Amino acid sequence: IGHMGCYAALPALRTAAALTAASGRRALVACVELCTLHVQPATRREEAVYQALFGDGAAAALVGHAGTGPEIVAASSVTVPRSEERMQWLIEDDGFHMWLSPRVPALVERGVGRLVEDLLDPHGLAVADVAHWAVHPGGPEIVDRVQRRLGLTDGQLAHSRETLADGGNRSSATVLFILEALLGSGEVAPGRWLVALAFGTGLTLEALLLRT
């Protein structure tokens with residue numbers, strides 16, 4: 001499945017969960033992103049910004065019925081109205097080009113509240129009930145705006161910021177790197193709620209509710 005961009009890992013995980021529930025077998029989710037294919041001589045400030053943000057990366061997750069990993073409980077998705085031209089990939093004669101509007105962080109902030117409400121409300125949960133967050137760091141400003149909109153602490157977003165600093169925005173693979181760091185940190189106790197958020201073209205916002 002291609003061309004979803006930064007949020008692709010989350011629908012891939014819920015699709016894998018549905019496949020394993022139907023078949024009783026395991027599924028492997030692999031995210032491979034070669035963002036440096038979009039590197040072109042920068043002629044505008046926006047082009048220099050996204051070239052500084054993005055990096056290559058690959059990550060995978062094994063989904064099945066048995067194991068010690070978190071359980072996928074629910075998912076939600078929101079497409080921000082009139083945002084389809086804010087993030088684009090174009091194939092032109094000289095290769096791949098990307099357009100990333102400076103309005104994207106504000107659009108993410110506008111849509112993330114409803115996204116999280118749709119995810120948590122059916123389970124009688126509020127943001128305060130979720131101890132751990134894996135938020136896709138499309139850029140530093142996106143993390144800051146999500147933190148402000150949801151009222152999250154610096155500690156809850158530490159792994160998102162560290163992952164961005166370590167290897168940049170690696171598109172769909174990034175949230176899997178964050179989950180790996182979070183689950184391997186020893187901070188997550190059994191039975192706690194965890195929310196993964198990712199944002200990409202569309203402009204589409206995806207969320208997964210997990211229980212450890």
Side-chain angles (χ1 to χ4, degrees), residues 1-15 31 33 35 38 44-55 57 72-91 96-123 125-128 130 133-152 156-157 160-161 163-164 168-179 194-210:
I1 304 174
H3 304 291
M4 287 186 291
C6 296
Y7 67 85
L10 302 192
L13 287 171
R14 56 179 163 83
T15 300
C31 295
E33 300 287 0
C35 299
H38 299 116
R44 291 180 293 182
R45 176 180 179 274
E46 290 83 1
E47 293 172 338
V49 168
Y50 71 69
Q51 289 182 20
L53 283 174
F54 282 85
I72 297 174
V73 177
S76 67
S77 179
V78 167
T79 300
V80 179
R82 298 177 298 279
S83 65
E84 62 271 14
E85 295 183 357
R86 298 295 184 176
M87 185 184 294
Q88 297 179 344
W89 282 268
L90 304 173
I91 302 175
F96 289 93
H97 287 260
M98 181 181 177
W99 162 245
L100 185 63
S101 167
R103 287 281 301 155
V104 167
L107 292 170
V108 170
E109 183 178 11
R110 181 192 304 175
V112 74
R114 176 190 155 196
L115 174 77
V116 172
E117 288 174 4
D118 289 348
L119 181 73
L120 300 181
D121 283 357
H123 302 276
L125 298 172
V127 169
V130 179
W133 295 77
V135 178
H136 172 71
E141 186 180 356
I142 287 179
V143 180
D144 292 343
R145 284 178 176 265
V146 170
Q147 179 175 16
R148 181 173 65 194
R149 178 63 181 83
L150 300 179
L152 303 179
Q156 288 174 310
L157 291 171
S160 293
R161 291 193 170 99
T163 299
L164 180 64
N169 180 347
R170 287 157 277 182
S171 197
S172 67
T174 316
V175 75
L176 295 182
F177 281 105
I178 298 168
L179 286 170
L194 188 159
V195 167
L197 303 176
F199 326 107
T201 51
L203 187 68
T204 302
L205 285 61
E206 289 274 347
L208 278 185
L209 177 64
L210 303 104

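All values reported here derive from a predicted model rather than from experimental measurement.
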- Task: Identify, with sequence neighbours excluded, every residue that meets side chain to side chain donor-acceptor pair (under 3.5 Å) alongside R161.
- Result: D144, Q147
- Query: side chain to side chain contact (heavy atoms under 4.5 Å, CB included) between R145 and E141: does it pass, once the steps are laid out?
  - Reply: CA-CA 6 Å; R145 284 178 176 265; E141 186 180 356; 3.0 Å; yes
Return the [atom1] to [atom2] distance between [X] and [Y], rounded to the nearest 0.5 Å.
X    : Y    : atom1 : atom2 : value
L119 : S77  : CG    : OG    : 11.0 Å
L203 : R103 : CG    : CZ    : 11.0 Å
R14  : I72  : CZ    : CD1   : 10.0 Å
C31  : L13  : SG    : CG    : 7.0 Å

Under 3.5 Å donor-acceptor pairs involving side-chain atoms of residues 170-178, not counting sequence neighbours:
from, atom 1, to, atom 2, distance (Å)
R170, NE, G168, O, 3.4
R170, NH2, T163, O, 2.9
S171, OG, C6, N, 3.4
S171, OG, E33, OE2, 3.4
S172, OG, E33, OE2, 2.5
T174, OG1, R170, N, 2.7
T174, OG1, S171, N, 3.2
T174, OG1, S171, O, 2.8

Which heavy atom in [X] sits nearest to a heavy atom in [Y], and how many Å separate them?
X    : Y    : value
L53  : P140 : CD2-CD, 3.8 Å
L164 : P137 : CD1-O, 3.5 Å
A207 : L197 : CB-CD2, 3.5 Å

- Using the side chain to side chain contact (heavy atoms under 4.5 Å, CB included) rule, take L179 and L194 through it: C-alpha gap first, then chi angles, then the decisive distance, then the call. CA-CA 10 Å; L179 286 170; L194 188 159; 3.7 Å; yes
- Message: Tell me whether the count of non-hydrogen atoms from other residues, nucleotides or ligands lying under 6.0 Å of CZ in R82 goes above 12.
- Response: no
- Message: Set out, in order, the CA-CA distance, both residues' side-chain angles and the distance that settles side chain to side chain contact (heavy atoms under 4.5 Å, CB included) for F199 and V146, then state yes or no.
- Response: CA-CA 11 Å; F199 326 107; V146 170; 3.9 Å; yes
- Message: If you define the side chain from C-beta out and look only at heavy atoms, does anything of Y7 sit under 4.5 Å from T201?
- Response: yes
- Task: Answer yes or no: is there a side-chain heavy-atom contact under 4.5 Å between S76 and L120?
- Result: no
- Message: My understanding is that only one of V195, L150, V116 makes a side chain to side chain contact (heavy atoms under 4.5 Å, CB included) with V130; could you say which?
- Response: V195
- Out of L10, L107, V112, which residue meets the side chain to side chain contact (heavy atoms under 4.5 Å, CB included) rule with L205? V112
- Query: Do E206 and M4 pass the side chain to side chain contact (heavy atoms under 4.5 Å, CB included) test, and can you show the C-alpha distance, the side-chain angles, and the key distance before you say yes or no?
  - Reply: CA-CA 11 Å; E206 289 274 347; M4 287 186 291; over 6 Å; no
